[in-house]
Structure formats: structure tokens, C-alpha cells
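Take a look at the structure below.
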Amino acid sequence: MMAIGGLSFVTATGTFALLTSQEANRGGSISSGTLTMNNTVNAGTTCFSYTGAGTSGNVNPACLALFSSASQNYPGTPATATVTIKNSGSLPASDLGLYMASCTVAATPGAPTPGGGDPCAVGGAQFYVLETDSVGNPTYCWYPDDAAGACSFIADTLNTFAGNLNTIANALDLGAGPVAGATRYFKIGMQLPTNASNTLQGEEALFALTWHMTG
Amino acid sequence: MDKLKTTLVLMIAAGAVALFAGNGTWASFSAETTNAGGSVSSGTLTMSNTVNAGTACLTINAPAGVNNNPSCAAPITLTNVAPGVFGGTSQIQVTNTGSLDASKLTLWAPFPNATLNGTLSTIGTTTSLPITPLEGSIANTNPITLTYGAHTQTFAANGATAGGATSISVTGQTANFAYPTGTIVSSTSGDTSSANSDCYDAIGTVAGTAGATKGTDLNFNTTSGNPMCATLLLSIQETTNGQYYCWVGKGSSPESATGQCAMPISVGLTTQITNLATVTQLNVAPLNGNIASGDSIVVRNGSASQTFSASSNVFFGATTIPVTSVTANATYPTSTSSVTDSTTLGTLNSDNVDTIANFNTLHNFNLGKIPMAPISSNGNVDLLSPIALSHFNTGTFTRTFQIGVYFPNPNGSTQNTMQGLVSNFGLTWHIDQ
């Protein structure tokens with residue numbers, strides 16, 4: 001008994017808390033935002049970065065084409081397409097970029113005698129990227145001029161764009177934004193030069209434009 | 001007859017002699033006093049917990065009646081958080097509301113927990129526990145302990161239970177008490193991994209801004225393994241009485257000798273910087289993080305920006321940032337300029353250690369409780385102090401902590417799989433006599 005009492009005394013000293021009190025802050029929550037993009041070509045169906053056929057990891061590779069080979073192009077006659085980019089997420093985009101991974105030539109479907117030229121090459125198609133307001137008035141020419149106002153067609157610009165602005169890292173910088181819920185409007189212009197070679201007859205340029213938004 | 005009488009008289013006399021001879025203390029006079037009404041009153045050891053300017057949460061209001069309140073306000077709530085961007089902070093004040101000093105103040109991560117949302121019957125077999133939304137996730141066979149006052153009972157989980165669930169399937173047994181609503185429910189073998197801890201991820205059902213996409217709209221985010229709990233960085237910075245100590249997070253002992261957690265800042269200017277002026281100090285709104293001497297402080301206004309170098313340590317709450325003298329490259333108005341610390345952001349963006357998940361697994365009830373000795377000076381605590389939290393209204397009876405969470409943005413990788421998620425977690429504070 002003496003031994004037990006002594007042990008208890010030693011053990012209890014300084015290590016037993018006779019009274020305690022405790023509480024927990026429960027239910028802390030950290031909610032992440034979203035950064036997603038909607039892409040609408042002309043008056044077509046809106047394409048979403050986060051859902052739809054072929055979508056993976058907030059990348060949608062199957063949005064509508066800007067131009068179709070069904071529309072025949074003539075030298076000096078421009079073709080344009082509008083692209084509406086909306087930030088459908090809850091976070092602002094710090095940067096919007098545009099790149100063309102490749103441009104390849106192919107015979108225009110149904111063309112009887114392709115000329116053998118290459119609209120993606122030097123001397124080929126001319127190309128621009130224009131930002132507008134919501135009703136189509138030019139605001140800034142991002143390519144090739146990089147200046148306020150409308151764009152003009154300049155020789156070899158499709159070739160230059162595809163050759164230099166072809167990855168995320170090398171994308172055309174379209175500046176910051178749009179902020180969450182905001183929309184930006186673009187017009188993409190394309191034409192064969194007025195002095196186009198006959199070799200460009202019956203040939204088409206195949207390319208994809210990729211819009212990339214960073215938070 | 002005379003002989004008999006004589007004999008009796010002698011016996012009485014002998015008895016009297018024996019009586020007096022055997023009691024030497026017997027007094028024919030006496031005196032006596034009584035101290036009546038003595039009482040021993042026990043003291044109290046209770047605490048309160050206040051988040052920001054909210055209502056104090058009291059242990060004496062604990063529904064389970066054990067001086068243990070499991071349902072205080074959320075430690076921090078942040079919405080629409082983005083990687084690489086200042087997240088936010090909250091303040092928690094822990095107060096000894098009792099009459100006895102607390103020798104210890106201890107912090108740890110709760111086990112996966114909830115409270116009963118119904119009363120158990122002592123008749124029949126209980127196979128499911130109705131609970132408030134479960135904080136954390138529970139693995140199959142994990143012990144589930146119910147506590148209400150002196151009553152306790154342990155069940156075994158019958159299958160895995162995901163965070164947010166409102167019932168736990170258990171192996172059937174009869175309740176040993178009619179555990180009522182409010183009974184504490186905890187998984188006492190949890191907090192062993194990010195997939196089995198108090199912090200759990202859920203898909204967000206509310207958009208960060210009106211009309212925007214939300215977690216449930218996306219097909220590329222995932223909660224498997226609680227990835228955001230394993231990514232978000234937690235810091236707990238004490239600021240009691242203007243002294244600083246980093247208890248949790250990047251900068252916690254022994255990393256920072258100054259007591260600063262690496263907590264990012266995001267504040268506005270309170271005094272305009274004028275173009276071409278010589279700048280030696282930035283006047284800012286109260287800092288919501290810390291700045292270490294030498295940190296790069298970026299002031300930005302639209303497309304204009306300038307980087308300054310902090311010339312001394314600046315602590316949470318300060319309103320001036322001394323910087324190495326430099327000429328301003330533009331005018332930075334108070335209304336539209338922001339001030340951030342790019343050095344701290346860079347430090348945290350590469351940090352994959354100080355996560356909420358790691359806090360859960362390294363500092364829980366079973367392992368690594370954090371004893372919070374009182375601060376003796378910035379970055380130092382008094383380990384020999386007999387008092388961690390003085391009794392109410394005396395000395396330091398309230399200690400103040402800043403809770404910060406940051407969503408890192410590692411260089412070269414996206415965090416897309418964590419879009420639209422919600423990480424849920426808690427903190428437990430405990431004092432001992």
C-alpha cells in the first residue's frame with residue numbers, strides 16, 4: 001500500500017489535469033473558383049471548354065470551324081468570322097492567348113484541278129485578328145498590326161502566324177481578361193492576295209485556332 | 001449481611017479508583033468551540049472561442065455537457081479562391097472564461113467528426129447513426145465513438161463514409177444509453193492520411209460569382225483522395241499582445257526566428273505614391289500577412305507596376321512597410337493600386353508540406369498535439385511558464401491567432417482538377433488546469 005501510494009503521488013504530479021475545457025471550430029471551408037470559357041462562332045452554337053463531346057480537362061478541341069471549304073474564296077475577296085469569347089467562370093482571366101498549332105495545305109474537296117500551291121506558305125493567304133465591340137466596331141488589331149483600330153490585310157501573314165505563334169508558350173498575347181462573366185469579341189479575317197498565283201486554285205488551308213485563357 | 005455490605009462497598013471503591021486512575025485527562029471543567037459552516041468551493045475552467053467579430057462560443061454551452069463544445073464557428077471561410085492569389089485570413093480569439101489558470105493550451109486537428117442528429121434507442125440494435133454532415137471521411141471498420149457526458153460507446157463503421165454524409169452505417173449493437181441529439185461523434189482512428197482525415201473535399205454546388213460555372217458543371221475536377229486538402233496551405237500565426245509566433249505553416253519553428261509565418265499579403269495603399277517621388281515607405285491598409293526584410297513588394301495599378309524591397313520585417317496588422325529608397329516610376333493612386341509580396345508568394349507556391357492534410361495527419365489527438373506555451377518575445381515561447389492562459393480578467397486570459405489559407409500555384413502546372421471544389425476542415429483548442 002505504501003508503495004502504491006508513493007507511485008501515485010509521483011505519477012500525478014504535474015501530469016494530470018484535473019479540469020479541462022475544449023472546443024472545436026468546425027466547418028471551415030475553402031471554395032475554389034472556376035475558370036471556364038465559352039466560344040461562339042458567328043451565330044452558331046456555343047462551345048464550352050468544360051463540357052461537350054471530346055472535352056477533356058477544361059479543353060474542348062471540337063468547337064466550330066471559322067471557315068468552310070464550302071465557301072469559295074476569290075483573290076482579294078475577304079472572308080471573316082466572328083468569335084465571341086466569354087469567361088463563364090467565377091475567376092478573372094489574367095491573360096488571353098491565341099495560337100495556331102499548324103497550317104497545312106490540302107486539295108479543296110470537289111476541286112477538279114488543284115493548282116499545287118500552298119496557301120499556308122509565303123505568298124499564300126493573308127490573315128488578321130481584330131477585336132471589336134459587341135456590335136462589331138473595330139477596337140484593336142492584335143495581328144498583324146498590334147495597334148488600335150481596324151486591321152488590314154498584309155502579305156504572308158497566315159504563314160507568319162502559323163510559323164511563329166503556334167504553341168501556348170508562343171501564343172499571340174491578347175492582353176488581360178475577360179474578367180469573370182465578361183465577353184470579348186473578335187473578328188478573324190482571311191483572304192487570298194489580290195495577285196494570288198493560279199497555283200492556289202483548288203487548294204485549301206487547314207488550320208485550327210486555339211484560344212487559351214489563364215487565371 | 002454486614003460482611004456482604006462491606007464487600008460491596010469495597011468493590012465500588014475499587015471501581016472508582018480504577019476509573020479515575022485510568023483516565024488522567026478527565027477534567028471536571030471543560031471548554032469547546034466549533035467552526036461551523038466550513039465549505040470548499042471548486043473553481044471553474046472554461047473557455048470561449050470567437051471567430052472574427054462573431055459571437056463567443058462557450059464550452060459551458062456544450063450540448064453534450066462535458067465542457068467540450070464541438071460546434072464552434074467555422075475557423076475560416078473563403079470563397080472563389082484561385083491558385084497563386086492571396087486567399088484570406090480569419091482571427092480566432094481563445095479566452096479562459098473560468099476562475100482557474102490554465103497550465104496548458106493545446107491545438108490539434110479534430111478527428112473526422114459530427115454530432116448526433118437524433119436520439120439512439122436503448123432497445124434493439126443500432127446499425128446507423130444519424131448525424132450532422134460529417135466533417136471528414138471514415139474508412140470501413142474505423143471505430144466510431146459516441147460521447148455524451150460520462151456516457152460513451154464505440155461502434156465500428158460498416159463501410160466507408162464520405163465527408164458530408166448525414167449517417168454512418170455501423171456494425172449493429174445496442175446503445176448503452178439513449179444518446180441524444182448533440183452527442184459528439186468522432187472517428188478516433190482517423191487522420192491517418194489525406195484520404196481519411198478531418199479535411200475533406202466536396203464538389204462545389206454554388207458558383208463563386210453569380211451565373212458563373214460551379215463545381216457541379218465541370219467534368220474534370222475530382223475529390224478522390226481530397227486533393228485540395230492536400231494542396232491548400234494552412235498557417236496559424238499568433239499575434240497576442242503584439243507579439244508574434246508561427247505555430248503552423250511555413251515559418252513555424254524552427255523555420256522563422258522572428259515568429260513570422262509566411263503569409264501572403266494583399267492590401268491597398270492608404271497614401272498615393274507620386275511619379276518620380278522618392279519612396280522609403282509604403283503606407284498601406286492593415287497587413288493581412290507578414291513581410292520579411294528583403295522581400296519584394298509589388299505595387300500595381302493597371303498595367304503599371306513597381307517592385308520595392310522591404311527594409312525590415314513587418315508584421316500582421318502593420319500599416320507601414322519600410323522600403324529601400326527608390327524613385328517611383330509612376331503614380332499609384334490609393335483607390336486602384338494593390339500591394340503584394342511576390343517573395344512570399346514564390347515561397348508558398350513551391351510549398352507542398354504545410355498543407356491542411358498534413359496538419360491533420362501530423363497534429364491530431366493521437367499524434368503531435370501542439371502545446372502552445374505563452375510567447376516571451378517574437379519567435380520565442382516560455383516553455384517553463386506554469387500558465388498558458390490566465391484565469392478570466394487577469395493577465396493574458398485571451399490569446400489571438402490569425403488563420404490563413406493559401407492555394408499555391410506551382411510553377412509549370414495547372415490546378416484545373418481542383419476547380420470548383422470545397423475543402424472542409426476544423427481546429428480543436430483545449431486547455432488544462
Side-chain angles (χ1 to χ4, degrees), chain A residues 12-39 46-61 86-95 168-169 173 175-183 212-215, chain B residues 45-47 49 51 57 59 62 67-83 87 92 98 100 103-104 110 113 135 204 206-209 211-215 217-220 228 232 405 407 416-433:
Chain A
T13 301
T15 58
F16 263 107
L18 302 180
L19 301 176
T20 66
S21 183
Q22 180 174 313
E23 54 199 357
N25 295 98
R26 191 171 185 275
S29 71
I30 312 298
S31 304
S32 60
T34 59
L35 185 74
T36 54
M37 190 190 329
N38 296 359
N39 175 314
T46 298
C47 169
F48 306 96
S49 66
Y50 55 93
T51 186
T55 304
S56 175
N58 210 18
V59 174
N60 190 333
K86 178 179 180 180
N87 180 350
S88 53
S90 62
L91 297 170
S94 63
D95 187 64
I168 290 178
D173 185 358
V179 300
T183 299
H212 183 85
M213 207 159 64
T214 305
Chain B
L45 188 73
T46 56
M47 65 194 294
N49 174 310
V51 179
C57 172
T59 55
N67 205 20
N68 178 351
N69 193 333
S71 303
C72 292
I76 185 170
T77 301
L78 303 177
T79 60
N80 207 30
V81 169
I92 295 181
L100 299 172
S103 65
K104 296 178 186 174
N113 69 91
E135 180 175 276
V206 178
T209 58
T213 48
K214 53 188 178 297
D217 295 327
L218 312 181
N219 62 10
F220 52 86
M228 202 158 82
L232 294 174
V405 173
F407 191 173
N416 270 348
T417 55
M418 286 179 270
Q419 285 198 33
L421 300 187
V422 184
S423 290
N424 303 272
F425 70 102
L427 300 171
T428 297
W429 309 83
H430 180 99
I431 57 175
D432 291 314
Q433 177 195 349

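In the text below, chain A, chain B and the rest are named by the order of the sequence lines, each starting its count at 1.
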Given a strict heavy-atom distance threshold of 4.5 Å, which part of Ile76(B) is in contact with chain A: side chain, backbone, both, or neither?
-> both
Exercise: identify the closest heavy-atom pair between Ser49(A) and Thr55(A) | O-CG2, 3.1 Å
Heavy-atom proximity to chain A below 4.5 Å, by part of Phe425(B) | both
Thr213(B) and Leu218(B) have their tightest heavy-atom pair at CB-CD2, 4.3 Å
Under 4.5 Å heavy-atom distance to chain A, tell me which part of Asn416(B) shows up: side chain, backbone, both or neither.
-> side chain
Between Gln419(B) (side chain) and Gly215(B) (backbone), is there a donor-acceptor pair under 3.5 Å?
-> no
Return the set of residues passing ring pair (Phe, Tyr, Trp, His ring centres under 6.0 Å) with Tyr50(A) (not counting sequence neighbours), or none when no residue passes.
-> Phe48(A)
Heavy-atom distance under 4.5 Å to chain A: side chain of Val206(B), backbone, both or neither?
-> neither
Looking at Thr428(B), Asn424(B), Ile431(B), which has the largest count of heavy-atom pairs under 4.5 Å with chain A?
-> Ile431(B)
Part of Met418(B) within contact of chain A (heavy atom distance under 4.5 Å) | backbone
Which heavy-atom pair separates Gly33(A) from Asn80(B) by the least distance, and what is that distance?
-> CA-OD1, 3.2 Å
